[in-house]
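Reading through the structure tokens given below for one structure.
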Amino acid sequence: MRSGPTQADLAHLRIAGLHKAFGEFLAVDGVSLDISAGTLGTLLGPSGCGKTTTLRIVAGLEQPDSGRVELGGSVLCATGSPMIPPEGRRIGMVFQSYAVWPHMTAAENVAFPLQARKVFRSEIAGKVKEALRLVRLEAHADRYPGQLSGGQQQRVALARAIVFEPRLLLLDEPLSNLDASLREEMRIEIRSLQQRLGMTTLFVTHDQDEALSLSDTVAIMQRGRIVQAGRPRDVYERPTTPFVARFVGWKNFLRARVADSATVHVGDVPLALQSGGLSRGTEVDLCIRPEELFIRDASNGSDRDERELAGEVIAQLYKATHADLEVLVAGRMLSARVPASAEFVRGQPIFVRLAPEHVLMFPADTDLDP
Ligand SMILES: Nc1ncnc2c1ncn2[C@@H]1O[C@H](COP(=O)(O)OP(=O)(O)O)[C@@H](O)[C@H]1O
Ligand SMILES: [Mg+2]
């Protein structure tokens, strides 16, 4: 096993215009994505949006109806040309289910791809040992999967995926079956291994936290399409659709209607907010993060400010560093971050101010649940 990437190994992944239908159903609908050599890109989206199908096409386990996949300049598949079979692609893959073989020891599992690739027997032991060392399992080489924890089995799967020095690593929700603390730990391990080996990696997850913390680039998928891609921070701070906003953690949504250039109506309540050129009468979704909602008590009979909405407290959830205040405003539940020392009571009338510079306004997405 190498200690670091060589120039020839650095492989840029280029996916262009992939389509794949199952019967009438379009599972992948024009996916294009670039992952620079040595970086980690993530497909993030809800269950059923086409992530696994995209990954399987890249791996060669599925043939696309159209589109093209290139790795390090060589074409793996393209409309009209013969497809390179999976074993000819030098791609390592880890599945959510681990898929380690129960009747083989950890070392035998890891040796398997080398044997399948007809690597000289004299080289296999050394490579297996190094791969197991990289995933910190060298002491467990002779154990069977049944004698290993879930996290350790997942590490065997990871060692097996990297032992033949793949040019690309594909990870399909590899952490979803692990408990929360182990998931965090494995997340850090995968990222550090990927960076040390300089391995181009395509990671798939439905967990926004995982995607934002692991990735160099993140692509949000919805119904077979990539709706936004970019650096995690950019996508988080500037989502371009309400779907993306919700998916990366903008919790609060209000439906409103543009009244004039400086006012929207939430229900029949006017709220001072610039409508950014949207025409009068347009239905919009207002998105705002919990830390940009400001709550004040309304039980003393004070008047509503034009930048505020009236609501009522539903619950206050203590979180050590702060508290999450759940409030009901215009028929929607909103979540605000307040100091841990705040003492709101259920049913208490409040006013909510939306920091206008932090409100995102989109034409209403009728697909978005209220
Ligand atoms: N072999 C298949 N035959 C029919 N439908 C499939 C097949 N594979 C996937 N699908 C459908 O394609 C859609 C996308 O699936 P998938 O790529 O597994 O999504 P994800 O990994 O994002 O959850 C789903 O609706 C799924 O039911
Ligand atoms: Mg999947």
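In this text the structure is predicted, and so the values were computed from the model without any measurement. First listed ligand is number 1; within each ligand, the first listed atom is number 1. All values below were derived from every heavy atom in this structure, side-chain atoms included, with hydrogens, water molecules and symmetry-related copies excluded.
The nearest N, O or S atom of T52 is closer to the Mg ion (ligand 2) than 2.8 Å.
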Counting only pairs under 3.5 Å, give me each side-chain donor-acceptor contact of residues 312-331, with atom names and distances, residues two or more places apart or in other chains.
from, atom 1, to, atom 2, distance (Å)
Q316, OE1, F344, N, 2.9
Q316, NE2, A342, O, 2.6
K319, NZ, D324, OD2, 2.5
H322, NE2, D324, OD1, 3.3
E326, OE2, S335, OG, 3.2

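In this structure, R117 forms a cation-pi arrangement with F164, its terminal cationic atom sitting closer than 6.0 Å to the ring centre and no more than 45° off the ring axis. For R246 and F253, the positive end sits near the middle of the six-membered ring, less than 6.0 Å away and at most 45° from its axis.
Side chains of S302 and N300: a donor-acceptor N/O pair is present below 3.5 angstrom, by distance only.
A distance limit of 4.0 angstrom between heavy atoms and ligand 1 selects the residues F22, F25, A27, P46, S47, G48, C49, G50, K51, T52, T53.
Taking 4.0 Å as the cut-off between side-chain N and carboxylate O, R155 and E189 count as a salt-bridged pair. With respect to the salt-bridge test (charged N to carboxylate O, under 4.0 angstrom), the residues E292 and R337 do not qualify.
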